[in-house]
Amino acid sequence: MRRPPGSNRLVDAQQPPPTPGILGVELDEEGGRPTVEVDFVDLEGGHREVDIDLQTGRIIEDEPEGDQGSVSRTAGG
């Protein structure tokens, strides 16, 4: 049986975006203070990593996963 031209090509299936949610939580210590590192997928499907000071609740570091540059925030502001 003869196929129409182009019918033997594979169709690229689009992957659905990752589901937002927490991927992992790790307790740590920075500068003698207890911290937690949270890895998660945000609402836009981006993978992020956030470090939080457990005594103050402030975000110490917020960075997109796989990005060389990071947006760092210190507990002082």
Side-chain angles (χ1 to χ4, degrees):
M1 179 174 203
R2 195 169 166 96
R3 295 184 190 170
S7 66
N8 61 348
R9 288 185 271 164
L10 294 176
V11 176
D12 292 332
Q14 289 187 349
Q15 296 272 338
T19 303
I22 295 174
L23 303 174
V25 177
E26 183 179 322
L27 293 175
D28 203 358
E29 188 176 304
E30 279 191 36
R33 299 178 68 103
T35 62
V36 64
E37 178 182 290
V38 182
D39 294 320
F40 64 98
V41 175
D42 63 21
L43 295 175
E44 287 81 36
H47 184 190
R48 300 192 65 82
E49 182 180 296
V50 176
D51 292 341
I52 302 168
D53 183 314
L54 290 176
Q55 289 180 333
T56 64
R58 292 182 187 230
I59 295 174
I60 300 169
E61 192 169 2
D62 179 3
E63 61 185 35
E65 189 65 26
D67 189 11
Q68 297 294 28
S70 66
V71 177
S72 295
R73 298 180 187 145
T74 61

(message) Are the side chains of Val38 and Ile22 in contact, using a 4.5 Å heavy-atom criterion?
(response)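 In short, these two side chains touch, coming nearer than 4.5 Å.
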(message) If you define the side chain from C-beta out and look only at heavy atoms, does anything of Val25 sit under 4.5 Å from Val36?
(response)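 The answer is yes; the side chains approach within 4.5 Å.
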(request) Decide yes or no on side-chain contact (heavy atoms from CB on, under 4.5 Å) for Asp39 and His47, but give the supporting numbers first. (result) CA-CA 7 Å; Asp39 294 320; His47 184 190; 4.0 Å; yes
(message) Any carboxylate oxygen within less than 4.0 angstrom of a Lys/Arg side-chain nitrogen, looking at Asp53 and Arg33?
(response)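 Salt bridge: yes.
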(message) Salt bridge or not between Asp62 and Arg48? Use side-chain N to carboxylate O under 4.0 Å.
(response)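 Arg48 and Asp62: salt-bridged.
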(message) I need the single residue from Leu27, Asp28, Ile52 that forms a side chain to side chain contact (heavy atoms under 4.5 Å, CB included) with Thr35. Which is it?
(response)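 Considering Leu27, Asp28, Ile52, a side chain to side chain contact (heavy atoms under 4.5 Å, CB included) with Thr35 is found only for Asp28.
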(request) To the nearest 0.5 Å, tell me how far Glu26 CD sits from Glu37 CD. (result)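 Between atom CD of Glu26 and atom CD of Glu37 there are 5.0 Å.
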(message) Tell me the closest heavy-atom pair linking Val50 and Phe40, and the distance in Å.
(response)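 Looking at all heavy atoms of both residues, the closest pair is CG2-CE2, 3.5 Å.
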(request) State, to 0.1 Å, how close Pro18 and Gly45 come at their nearest heavy-atom pair, and which atoms those are. (result)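 Nearest pair, atom of Pro18 first, then Gly45: CG-O, 3.7 Å.
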(message) Are Ile59 and Leu43 connected into the same hydrophobic cluster when the rule is that any two of I, L, V, M, F, W, Y join if their side-chain heavy atoms are below 4.5 Å apart?
(response)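 Shared cluster, no.
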